[in-house]
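Below is one structure, written out as structure tokens; the observations come after it.
Counting from 1, the numbers follow the sequence of the chain as shown. Ligands are counted one by one from 1 in listed order, and the atoms in each one are counted from 1 as well. This one's a predicted model, so the numbers in the text were calculated from it and none came from an experiment.
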Amino acid sequence: MALSEFEIIERIFRRGGNRSDVVLGIGDDAAVVRVRPEQCLAIATDTIVEGVHFPIGTDAADIGYRALAVNLSDLAAMGAEPTWANLALTLPAADQKWLQSFANGFFELADRHQVQLIGGDTTRGPLSISVTLHGWLEHAPGLRRNGARVGDEIIVSGTLGDAAAGLACIMNKEKFAATVAATLAMRFLRPNPRVELGRFLLSRAHSAIDVSDGFLADLSHILRQSGVGATVRTADIPISSVLSGSVPSAQALNHALNGGDDYELCFTLQPARWAEVDAWAKEHGITLTKVGCIEAHPGLRLIDADGKPVDHHISGYRHF
Ligand code: ADP
Ligand code: MG
């Protein structure tokens, strides 16, 4: 059934919110929120476009989930506590079933992180979803990309490469056994933004970034902005047993180094902090892996298990 713009907002997106700091939510000309004195807000916007960020035909619930997940990941990388979201939705058609499913995916993740949808915009056009997410920063200016220091350990959460393999599988570019395909596809469609980890790292890590474009490309942003270099040990790059068990090791490593969409955190830490951070992560069911170290000499060097240099090129995702 087709809905009017007004019905879309009223039936699908206007739900009772549960945040006490929302003074006015959806329904007026603008949302109004109560701010905490002495705290700063982190604000991120990310847009996902059909055929660019997700394949045509992706399930609506997965699109709704993903639209928020990519923004949660940006706030995680700043160490912020997410609060309010705005949703700008451009739709080719106002199909009620599709919209309901989209909203289910969106609100599932929003509820998990106590995020309230407080406003947005709804227009007709090629499918594109833009979310602006706000979040509290307990310490300004948050976890920056420019704080890496010589001697820091380089650490990544979770495993890398599954999402890229999952996308290749969805796009029929790589073939996997059915159970493996489903697991990898879920890693692409339903990333798990590391919000709690980011908040824990806020007063501890020297720098952080979320892995959205590819590990090497994203780490390079930290290096450039911090004015440092790094050596990364390829043998230590965390790769899931699902991925390493189903493709040749060189292909798995390429997905892990250059594939995007993992939404894990990459951060740098003074070595003395490692024990505390790793203990916290273990307690919270998150695997952390030390993959290299920050050095004064600029550039990114890869070495294998024997310490020999590994040739590489950085081919992270670029729009233009
Ligand atoms: P205006 O014409 O003043 O822009 P709209 O009709 O676009 O007003 O929006 C009315 C209300 O619905 C506003 O509170 C707006 O924030 C909210 N809204 C519109 N689209 C969405 C959406 N996709 N998700 C959440 N809130 C929305
Ligand atoms: Mg409007």
Do any heavy atoms of R14 fall under 4.0 Å from ligand 1?
no
Inspect the contact between R190 and D59 and indicate whether a charged nitrogen and a carboxylate oxygen are less than 4.0 angstrom apart.
no
Spatial distance of atom [atom1] ([X]) from atom [atom2] ([Y]) [nearest 0.5 Å]:
| X | Y | atom1 | atom2 | result |
| --- | --- | --- | --- | --- |
| T159 | D262 | OG1 | CG | 7.0 Å |
| C266 | I155 | SG | CD1 | 9.0 Å |
| H134 | L75 | NE2 | CG | 9.5 Å |

Would you say L117 and ligand 1 have an N/O pair spaced under 3.5 Å apart?
no
Classify the ring geometry between F107 and F13 as parallel (under 30°), tilted (30 to 60°) or perpendicular (over 60°).
tilted
Considering only heavy atoms, which of A88, G120, S130 lies nearest to atom 27 (C) of ligand 1?
G120
Of the listed options L99, I9, D121, T123, closest to atom 7 (O) of ligand 1 (non-hydrogen atoms):
D121
Check for me whether R194 meets the cation-pi criterion with F200, that is, NZ or CZ under 6.0 Å from the six-membered ring centre and within 45 degrees of the ring axis.
no
Only heavy atoms of [X], strictly under 4.0 Å: list the atoms of ligand 1 that pass.
| X | value |
| --- | --- |
| D28 | 11 (C), 13 (C), 14 (O) |
| I26 | 12 (O), 14 (O), 17 (C), 25 (C), 26 (N) |
| G27 | 11 (C), 13 (C), 14 (O) |

